[in-house]
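First up is the structure itself, then whatever we jot down about it.
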Amino acid sequence: MSFTLATWNINSVRLREGLVRKLMEEEAPDVLCLQECKSPVEKIPLEGFKELGYTHMVARGQKGYNGVAIFSKIPMEENCAHDFADLGHARHVAGTLENGVTIHNFYVPAGGDVPDREVNEKFGQKLDYLTQMRDYFKAEAPQKSILVGDLNIAPREDDVWSHKQLLKIVSHAPIEVEHLHDTMEAGKWVDITRQDIPEGLLYSWWSYRARDWDAADKGRRLDHIWATPDISNAAHGSRVLRAARGWEKPSDHAPVFATFDL
DNA sequence: ATGGTAGTGAAACTA
């Protein structure tokens, strides 16, 4: 079977229910992973999504902040949910599809403004979160698994509009990129987006604060799709739906897609 | 060096 998966930081699933439905109707991924739902699970507007065929959901939520959800047209059961770094935040949930593929959906802490844990507690929490992710995947090698989400790190030079100017900016600082690579290695994860699109500038996020995000194009690739080696060669068709950043009342993130032929 | 915008929820926090 073949299935298409998308990951999108929606920045409020209730405010942007209409945009989620638009994506479901126009792009129709089999599985849609959302981050920053900013909603308790019981207030997620399920009905409209169900009508479009997304009859399965696993989610974790809280009031006002964070929140992750996976919507699927394919039968899916909850696998697990972890509170890495013990922040008490809804930042991870995992589901297993009926084909045996497990999907981990993450919203990694943004990490505040200063890339130094000595002066910025939030940056320390981000590094600790990544370290615990690493240890979790090192303890038991994930198999037939996909990891997606807003990882809040743009690891490569061509994942940002200016490598040089962002070296001291949280999301592209060397220490956090190192932590992300450690997490990747621990689970033998393959970066599917860059497997499919190995060359060139590629972004999934553009700040709300830019005067003209499209013309300025000062983006970063913060949203990722990874897979374990046993299914990584089944992946193809990766893309970023940049157009969604230009929709009315948009999220500051664009959805990222990949297709798996299994 | 600063401020620019957005969401939640009704001030201050987070991004």
Side-chain angles (χ1 to χ4, degrees), chain A residues 7-23 33-45 59-69 83-92 105-117 119-130 148-155 159-162 164-173 175-177 179-180 203-224 242-256:
Chain A
T7 178
W8 194 13
N9 178 318
I10 193 62
N11 188 18
S12 176
V13 70
R14 282 187 277 168
L15 188 69
R16 283 185 246 286
E17 177 186 356
L19 292 192
V20 175
R21 290 175 52 104
K22 180 177 167 73
L23 190 85
C33 301
L34 300 180
Q35 304 86 35
E36 278 208 273
C37 297
K38 294 186 171 177
S39 171
V41 173
E42 63 273 17
K43 291 190 175 176
I44 294 173
R60 285 293 184 276
Q62 61 185 92
K63 192 179 160 184
Y65 300 98
N66 311 311
V68 286
D83 179 21
F84 293 114
D86 300 311
L87 300 173
H89 295 174
R91 294 182 178 274
H92 170 255
N105 183 18
F106 278 99
Y107 176 49
V108 171
D113 286 332
V114 184
D116 177 354
R117 70 180 310 153
V119 298
N120 171 19
E121 184 188 25
K122 285 199 175 65
F123 194 72
Q125 291 172 351
K126 181 180 198 176
L127 298 181
D128 291 346
Y129 193 93
L130 290 160
V148 308
D150 177 2
L151 306 185
N152 265 313
I153 296 172
D159 290 337
V160 293
W161 63 275
S162 167
K164 231 179 158 176
Q165 290 183 72
L166 290 179
L167 275 171
K168 290 180 178 170
I169 302 297
V170 171
S171 74
H172 193 61
I175 181 74
E176 52 185 325
V177 171
H179 276 65
L180 191 71
Y203 313 139
S204 65
W205 174 87
W206 295 261
S207 172
Y208 283 126
R209 298 175 191 179
R211 294 170 204 285
D212 184 343
W213 72 273
D214 196 24
D217 202 20
K218 293 184 173 180
R220 307 177 199 172
R221 188 171 70 99
L222 304 180
D223 303 276
H224 299 263
R242 181 182 173 118
R245 182 61 178 82
W247 290 351
E248 194 159 340
K249 286 272 272 171
S251 166
D252 45 355
H253 294 251
V256 181

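Chain letters run A, B, ... following the sequence lines, proteins first and then strands; every chain starts at 1. Note that this is a predicted model, so its numbers are computed, not measured.
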Please step through side chain to side chain donor-acceptor pair (under 3.5 Å) for the pair A:Asp223 and A:Tyr203, ending with a clear verdict.
CA-CA 8 Å; A:Asp223 303 276; A:Tyr203 313 139; over 6 Å; no
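The NZ atom of A:Lys63 sits 13 Å away from the P atom of B:dA11 (whole-angstrom rounding). One can place NZ of A:Lys249 at 12 Å from C1' of B:dT8, the figure rounded to the nearest angstrom. Remark: C1' of B:dA1 and CD of A:Gln165 are 15 Å apart, rounded to the nearest angstrom. Put simply, NZ on A:Lys218 is 15 Å from C1' on B:dT5, counting in whole angstrom units. One interatomic measurement links the two molecules: CD of A:Glu17 to C1' of B:dG7, which rounds to 17 Å at whole-angstrom precision.
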Where do N or O atoms of nucleotides 13-15 of chain B meet protein N or O atoms at under 3.5 Å, pair by pair?
{"residue": "B:dT14", "atom": "OP1", "partner": "A:Lys122", "partner atom": "NZ", "Å": "3.4"}
{"residue": "B:dT14", "atom": "OP2", "partner": "A:Lys122", "partner atom": "NZ", "Å": "3.0"}
{"residue": "B:dA15", "atom": "OP1", "partner": "A:Arg91", "partner atom": "NH2", "Å": "3.4"}
{"residue": "B:dA15", "atom": "N6", "partner": "A:Arg209", "partner atom": "NH2", "Å": "2.6"}
{"residue": "B:dA15", "atom": "N1", "partner": "A:Arg209", "partner atom": "NH2", "Å": "2.9"}

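For the pair A:Glu176 and A:Val170, the minimum side-chain heavy-atom distance is below 4.5 Å.
Every salt bridge (Lys or Arg N to Asp or Glu O under 4.0 Å) that A:Asp214 has, sequence neighbours left out, goes to A:Arg242.
Nucleotides B:dG3 and B:dA15, compared at atom C1', are 15 Å apart to the nearest Å. Across B:dG7 and B:dA11, the matching C1' atoms stand 14 Å from one another, rounded to whole Å. For the P atoms, the distance linking B:dT14 with B:dA10 amounts to 16 Å, nearest Å. Between B:dG4 and B:dG9, the distance separating the two C1' atoms is 22 Å to the nearest Å.
Using a 4.0 Å heavy-atom criterion, one finds that A:Arg16 contacts the sugar-phosphate atoms exclusively.
Enclosure of atom CG in A:Asp113 is not indicated, since only 12 or fewer non-hydrogen atoms of other residues, nucleotides or ligands lie within 6.0 angstrom.
At a cut-off of 3.5 Å, with distance as the only test, no side-chain donor of A:Asn152 or A:Lys126 sits close to an acceptor on the other residue. There is no side-chain donor-acceptor pair under 3.5 Å between A:Ser204 and A:Arg221.
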